[in-house]
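FYI, side chains are in, hydrogens and waters are out, and symmetry mates aren't considered; it's all heavy atoms of this structure.
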Amino acid sequence: MTDTAPDLDRLRGGEPARNHDARTIAALTSNPGCARRGVMDAAGVDKDAVARALGFPAPFGQSQFAITRGNAFEAQVKADGCAELLTLLRERLGLDVPEVAYDDLEVVAGNDGRELRHSRTRRLLARALESGEGTLFDHPLLRLEIAGCPAYLEPDVIAFQLAGRLHVIEIKSFAVVDGQAEPEQVAAAARQSAVYVLALRRLVAELGHDPARVSHDVFLVCPENFSNRPTATPLDVRPQLAVLERQLARLTRVEELLAELPDGLTFEPGEALAESVRAVEARYAPECMSGCEMALFCRDEARACGATGALGRSVRDDLGGVDTIGTALALADGSLSPSDDLVETAAQLRAAARLRAEALHGAA
């Protein structure tokens with residue numbers, strides 16, 4: 001990474017690298033095929049600042065009301081040494097949870113410095129792994145390497161040891177109504193929890209223990225129905241872990257990403273910023289709107305060139321190898337002869353066009 005540091009500094013326009021958090025790391029898994037996102041994240045580019053400079057500010061963000069509600073619910077669940085949480089685990093999930101010790105790692109002796117908190121987290125986890133005693137760790141400070149640079153994670157989670165295995169408990173304020181929660185919110189919680197599980201596994205490995213002692217089953221704690229009464233649900237994050245590890249491995253090979261870029265490319269704000277951003281291929285899909293700061297710019301770009309990805313990932317995947325809507329329509333009406341690798345796709349498009357024509361004729 002030393003050899004590539006000057007190139008990464010140039011990409012950022014001399015700005016300091018942006019610190020990743022669990023949300024931004026989790027977002028890496030939502031579109032692993034996007035070179036634009038991979039380059040920007042590897043270099044630590046502030047994508048929000050770039051999007052604002054381009055006139056396309058990020059379309060998402062959490063309201064102050066939602067933040068306040070979430071903080072209040074978390075405080076309730078963790079009150080009195082997580083007494084309510086322990087009751088929930090015992091009664092709702094039927095776990096045989098003995099009396100446990102509780103350690104709050106958010107502040108160490110009045111000091112909230114990252115290195116001190118991470119050091120204490122390592123020390124207490126090492127002791128718990130050796131003794132096998134059930135222990136609750138509130139706000140453990142974890143560390144995960146992103147493109148060769150350490151990212152400190154300050155999760156609102158608890159590492160909970162049961163039968164010799166550590167579990168991540170993720171507390172969210174969205175409601176579970178009649179046993180069901182909003183799928184997109186659950187998926188986002190699973191991706192974020194996978195980041196904590198991976199960071200915790202790597203710490204356990206550094207301490208000389210089997211990473212499998214960190215369970216892939218996460219306990220998701222949310223309000224039940226529309227009350228403040230919490231409920232807990234096990235959540236298997238193995239699929240999210242697999243995608244996350246692949247994407248982080250891709251960012252580690254930052255030299256390969258840099259080799260494909262034009263010489264002198266920089267994302268420094270200025271007249272050439274839009275041209276610089278367009279020089280790196282994007283893989284836009286409507287799902288990007290919920291997790292990437294560059295989504296509005298990439299959507300505008302995709303619409304302007306008629307990219308099939310603008311219609312959704314499922315459409316783009318079904319039209320594998322057909323990058324634009326114009327090409328798809330030309331293959332469907334036979335005005336364009338397909339290449340060898342698109343013969344089957346073209347046949348399917350022509351068949352779909354015939355069915356559409358027949359349906360319209362029948363309706364008329």
Side-chain angles (χ1 to χ4, degrees), residues 26-41 47 51 54 56 58-60 180-191 194 236-244 246-247 250 257 260 274-275 277-364:
L28 299 177
T29 67
S30 62
N31 197 1
C34 182
R36 182 175 295 168
R37 171 144 206 166
V39 168
M40 287 185 158
D41 285 328
K47 297 192 296 297
L54 291 168
F56 293 89
F60 52 83
Q180 300 292 324
E182 178 63 40
E184 289 186 6
Q185 292 178 315
V186 175
R191 290 193 297 267
D236 187 344
V237 298
R238 277 179 290 185
Q240 292 78 12
L241 275 170
V243 176
L244 178 61
R246 285 198 301 270
Q247 183 67 350
R250 180 171 178 259
L257 297 174
E260 300 174 0
E275 182 181 350
V277 172
R278 292 191 180 99
V280 186
E281 184 181 1
R283 189 175 172 82
Y284 172 78
E287 293 84 351
C288 296
M289 297 295 291
S290 64
C292 182
E293 295 88 340
M294 296 296 298
L296 284 177
F297 176 85
C298 296
R299 182 181 68 176
D300 183 74
E301 178 186 50
R303 286 176 172 175
C305 67
T308 55
L311 301 177
R313 287 179 188 159
S314 60
V315 175
R316 181 179 59 200
D317 292 343
D318 289 341
L319 297 174
V322 180
D323 296 328
T324 67
I325 297 171
T327 302
L329 293 175
L331 289 172
D333 64 21
S335 61
L336 177 66
S337 298
S339 58
D340 293 341
D341 59 327
L342 292 178
V343 170
E344 184 177 349
T345 300
Q348 293 173 345
L349 286 169
R350 288 195 296 270
R354 285 195 300 271
L355 289 173
R356 179 179 181 274
E358 292 171 2
L360 292 175
H361 179 72

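The shortest distance between side-chain heavy atoms of Met294 and Val277 falls below 4.5 Å. Residues Met289 and Arg299 are in side-chain contact: their nearest non-hydrogen atoms beyond the backbone lie under 4.5 Å apart. Contact check for Leu244 versus Gln247: no side-chain heavy atoms found under the 4.5 Å cut-off.
Not a single donor-acceptor pair under 3.5 Å links the side chain of Arg191 to the backbone N or O of Gln240.
Note that CD of Glu293 and SG of Cys298 are 11.0 Å apart. Values are rounded to the nearest 0.5 Å. Annotation: the span from Glu301 atom CD to Arg278 atom CZ amounts to 6.0 Å, rounded to 0.5 Å. Taking CD1 of Ile325 as the start and CZ of Arg303 as the end, the distance is 10.0 Å to the nearest 0.5 Å.
Remark: Glu275 CD is loosely packed, at most 12 non-hydrogen atoms of other residues, nucleotides or ligands lying under 6.0 Å away. Shown here is Glu281, whose CD atom has no more than 12 heavy atoms of other residues, nucleotides or ligands within 6.0 Å.
Across Leu349 and Leu331, no two heavy atoms sit closer than the pair CD1-CB, 3.9 Å. Closest approach of Val237 and Ala190 over heavy atoms only: CG1-O, 3.7 Å. Residues Tyr284 and Ala302 come closest through the heavy atom pair CD2-CB, 3.9 Å. Closest approach of Val186 to Ala181, counting heavy atoms only: CG2-CB, 3.6 Å. Taking each heavy atom of Ala282 and Cys34 in turn, the nearest pair found is CA-SG, 3.8 Å. Nearest heavy atoms, Arg283 versus Cys288: O-SG, 4.2 Å.
Applying the salt bridge (Lys or Arg N to Asp or Glu O under 4.0 Å) test to residues at least two apart or on different chains, none of the pairs has a partner in residues 346-357.
Remark: Ser337 pairs with no residue by the side-chain contact (heavy atoms from CB on, under 4.5 Å) rule, at least two apart or across chains. Ser339 meets the side chain to side chain donor-acceptor pair (under 3.5 Å) test with Asp341; sequence neighbours excluded.
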